[in-house]
Amino acid sequence: MHKFIANTEQDRQDMLKVIGAPSIESLFFDIPENLRFTGELNLEPGYSEIEMMDKLQQLSCLNKSIDQLVCFRGAGAYDHYIPTTIKHLAGRSEFFTAYTPYQPEISQGTLQVIFEYQSMLCELTGMDASNASMYDGPTAAVEAAIMAATIKRKKKIVVSKGLNPEARSVMKTYFHFRDFEMVEVELENGKTNPETLRAAMCPNCAGVIIQSPNFLGVVEDMHALGAVAKETKSVYIAYVDPISLAVLETPGNYGADIVIGEGQGLGNVINFGGPYLGFLATRSEHVRKIPGRIVGQSEDVDGKRAFVLTLQAREQHIRRFKATSNICSNQGLNVLMGSIYMATMGKEGLKEVAKQCFDKAQYAYDKLIATGKFKPAFEGRSFFKEFALVSDVPFEKIDQYLIDNGFLGGFSLAEDYGIEGGHLFCVTEKRSKAEIDRLCSMLEVM
């Protein structure tokens, strides 16, 4: 037993006696001598609780969060305002400690939350059914691709490079082990050209994934791109920002078959990258191919409203080879926060958030260009809350300068899109005119 495990010598001898082992070393007789570690581990001495808390506090201070920096960065994780009621309600013990509803008949509160979440998400996306959520946006993209492959019995997925690079990376990892083919369509002037997409299509294509607003912030022509997908009878998958749907056309209106995305912006904090929630909604004809669970509304024996697990095609519930997915978590607490956010904001509140994002992004775009440090990365300005600019000043220099002056600047577009000096700025409703002006004033005197 190691010295950091608080057992006395007598405790060790008593345990060895019970299991009939002569010594601790005898427990490892299956491991050859030459493979066993000898000597002492290079560990620091033990700390008291006070010392440990002090050390952890020192380590945490090495990070700078959006509590210390004014955030103008998005790229998949967004600094939206979170009403205080969310933390209060989600922190209640009946929600905060509850796990997945393995016994739905005694998990009515949990099922009601999921049902209401699904209902609001369907209204937001224009789809007929939603599942109980998934790990994050990238895994939702994977599951949508698998759905398309199952529906069409084909293994080729065409993806616009406007899709979040993390989503494309996760898809490549999954596809490697499922023998799927992913074809990436290059962007032109920051968006997907329908003719370029058409050239990538073929009869063996199962589905097409388009993100709008795309990763570069540009709002895509989803009607024209959807028409191309329908030409080859491919499943049309839209990856969307749920906040944007308060003002942009719903995927249901432009013909999407499956709608996916990242739900972090719905009342969930950035959390240095997670946990988040991925959402997936679809049309009624594809419901039985949906991954995870669907909660429905029914009546109990007394005629009172009750909630049930209408569909649970997870590998934990049915024979593994018949499962639609091996996803084993519905990110319940994150879904709860998303549900409270949508209910708290309501239709008008979401519209106001989206409108402020749009207006403030347009204002910041003009102001940043006016500093003389940036120029537009693309023609036109059909963006929602993110936009790409290019600077002749090295990205790292601007980025560090802004951090030193209390700002988290744009996301570098060099590695993922080959745009040297490219900055992807994000402006949410939280950013004030004064903050935008102060950011631009700092850059003017840089």
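No experiment lies behind these values; they were computed from the predicted model shown.
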Check [Y] with [X], please: is the shortest side-chain N to carboxylate O separation under 4.0 Å?
X	Y	result
D257	K230	yes
D241	K385	yes
E299	R305	no
R73	D399	yes
D416	K161	no
R168	E184	yes
E285	R283	no

Can you confirm whether the side chains of [X] and [Y] place a donor and an acceptor under 3.5 Å from each other?
X	Y	result
K360	Q356	yes
D221	Y254	no
E116	S119	no
H223	E249	yes

Interatomic spacing from [atom1] in [X] to [atom2] in [Y] - rounded to 0.5 Å:
X	Y	atom1	atom2	answer
M171	H176	CE	NE2	15.5 Å
E123	Q118	CD	CD	14.0 Å
D79	F72	CG	CZ	10.0 Å
Q331	N268	CD	CG	9.5 Å

Can a donor-acceptor pair be found, under 3.5 Å and without considering hydrogens, that links the side chain of [X] to the backbone of [Y]?
X	Y	answer
T173	S169	yes
K156	F180	no
Y236	M222	yes
S391	K373	yes
Q108	F307	yes
N334	P275	yes
T428	K430	yes
Q211	N164	yes
R293	N131	no

Query raised in the report: side chain to side chain contact (heavy atoms under 4.5 Å, CB included) with L248: which of V240, V219, I243?
Result: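 Of V240, V219, I243, side chain to side chain contact (heavy atoms under 4.5 Å, CB included) with L248 is met by V219 alone.
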Requested in this report: Using the side chain to side chain contact (heavy atoms under 4.5 Å, CB included) rule, pick out the option among Y239, F384, F387 that qualifies with P213.
Outcome: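 So the option named by the test is F384.
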**Report entry** Ring centre gap for H423 and F374 strictly below 6.0 Å
**Finding:**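 Ring-ring flag for H423/F374: true, centres closer than 6.0 Å.
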Query - Ring-ring centroid check F215 F411, cutoff 6.0 Å - result: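 Yes: the rings meet the under 6.0 Å criterion.
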**Report entry** Exceeds 12 heavy-atom contacts within 6.0 angstrom, atom CE of M52
**Finding:**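 Check passes, neighbour count above 12.
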Report task. Look at atom CD of E166 and say whether more than 12 heavy atoms of other residues, nucleotides or ligands are closer to it than 6.0 Å. Result ->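 At most 12 heavy atoms, drawn from other residues, nucleotides or ligands, come within 6.0 Å of this atom.
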Going by ring-ring contact (aromatic ring centres under 6.0 Å, His included), name the residues that satisfy it together with [X], two or more places apart in sequence or in a different chain.
X	result
F407	none
F358	none
Y78	none

